[in-house]
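Per chain, numbering begins at 1; letters A, B, ... match sequence-line order.
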Protein chains: 2
Amino acid sequence: MEKENALNALAALGQETRLDVFRLLVKAGNEGMTAGAISDALDVRPNTLSTHLGALSRCGLVQAERDGRSICYRANLKTMRVLVTYLLQDCCGGNPELCAPFLNMAKTAPCDGANDC
Amino acid sequence: MEKENALNALAALGQETRLDVFRLLVKAGNEGMTAGAISDALDVRPNTLSTHLGALSRCGLVQAERDGRSICYRANLKTMRVLVTYLLQDCCGGNPELCAPFLNMAKTAPCDGANDC
DNA sequence: TCCATAATTCGAGAATACTCGAAATAATGA
DNA sequence: TCATTATTTCGAGTATTCTCGAATTATGGA
């Protein structure tokens, strides 16, 4: 269950357009961007973008919220933290304390509430 | 250049067998594991595994070192840090200080030298 | 209600990725 | 040198993914 989600998130980010979209939304921060604005900014056809936004949304990397006729998308950094934590789980086998600082950072709350993280 | 590498690393981790291999090597820590040991542990055919190890190696997520007849693979956490930093670059747009804690953690040296990170 | 705008869903074609058996390379020891 | 073990490379078949045009759904305003 946990693995499936991590796998989907990583596969989602491992595609150029989706990586561009995610990074654009990370930059946009808490304001987010509408699908149309993303489409314009990255020069990707609306229907193609919609497919990619669906993939990012399904694995929790972005969140969608309707705003009138438009739909606003925001990056969800919480999922990023879960992802990094999953990747570094049980780091260094018998000596987990060696990697604790790295893992801890994945747990600390950054952003003071912005981006839901 | 930077982007290409991040993309390859994410695509590499977005495949079940490669994700399993990487996490196994993260657990194994600085000792690493031979290709054969990984093949046995994950029940993946040697030639198939070799292809996946090649992908992980090319994008810097693992490092290979020959040891007699065997080849020992180790996870390279340095690449993970670069990856996380790339993903969260310019986080929160006008308010980068909001995400500083998260990014800083990606810069701090964990592991005290283990895993080359 | 009717029209225009915003975004998504559908279906199909082209490109890419995954896996495997077979063959090749590398290293060790008799 | 020859046989054995460890791993990689090659080629092909199958499956998955990406992109696009066309059609559809949803919202807001005249």
Just how far, in rounded Å, is [atom2] of [N] from [atom1] of [X]?
X: B/I38; N: D/dT7; atom1: CD1; atom2: P; result: 9 Å
X: B/D20; N: C/dT19; atom1: CG; atom2: P; result: 11 Å
X: A/I71; N: D/dT27; atom1: CD1; atom2: C1'; result: 10 Å
X: B/L7; N: D/dC18; atom1: CG; atom2: C1'; result: 14 Å
X: A/L53; N: C/dA7; atom1: CG; atom2: P; result: 10 Å
X: B/D67; N: C/dA27; atom1: CG; atom2: C1'; result: 11 Å
X: B/N47; N: C/dA23; atom1: CG; atom2: P; result: 13 Å
X: A/L19; N: D/dC18; atom1: CG; atom2: P; result: 13 Å

For the pair [X] (side chain) and [Y] (backbone), establish whether a donor and an acceptor sit closer than 3.5 Å, ignoring hydrogens and angles.
X: B/T85; Y: B/R81; answer: yes
X: B/R74; Y: B/E31; answer: yes
X: B/S70; Y: B/T34; answer: no
X: B/R66; Y: B/G68; answer: yes

Would you indicate, yes or no, if [N] has its OP1 or OP2 atom less than 4.0 angstrom from a side-chain nitrogen or oxygen of [X]?
X: A/R18; N: D/dC18; result: yes
X: B/T48; N: C/dT19; result: no
X: B/Q15; N: C/dT19; result: yes
X: A/Y73; N: C/dT8; result: yes
X: B/H52; N: C/dA17; result: no

> Among B/I38, B/V26, B/L13, whose side-chain contact (heavy atoms from CB on, under 4.5 Å) with B/V21 holds?
Replying inline: B/I38

> Can you find a donor-acceptor N/O pair under 3.5 angstrom joining the side chain of B/R69 to the base of D/dT7?
Replying inline: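 Counting by modelled atom types and ignoring angles, no donor-acceptor contact under 3.5 Å is found here.
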
Give [X] one of three labels, base, sugar-phosphate or nothing, depending on what nucleic acid heavy atoms sit under 4.0 Å from its own.
X: B/R45; answer: sugar-phosphate
X: A/S70; answer: sugar-phosphate
X: B/T34; answer: sugar-phosphate

>> Both A/R66 and A/T51 contact DNA chain D. Which one's nearest nucleotide lies toward the 5' end?
In response: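 Going by which nucleotide is closer to the 5' end, it is A/T51.
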
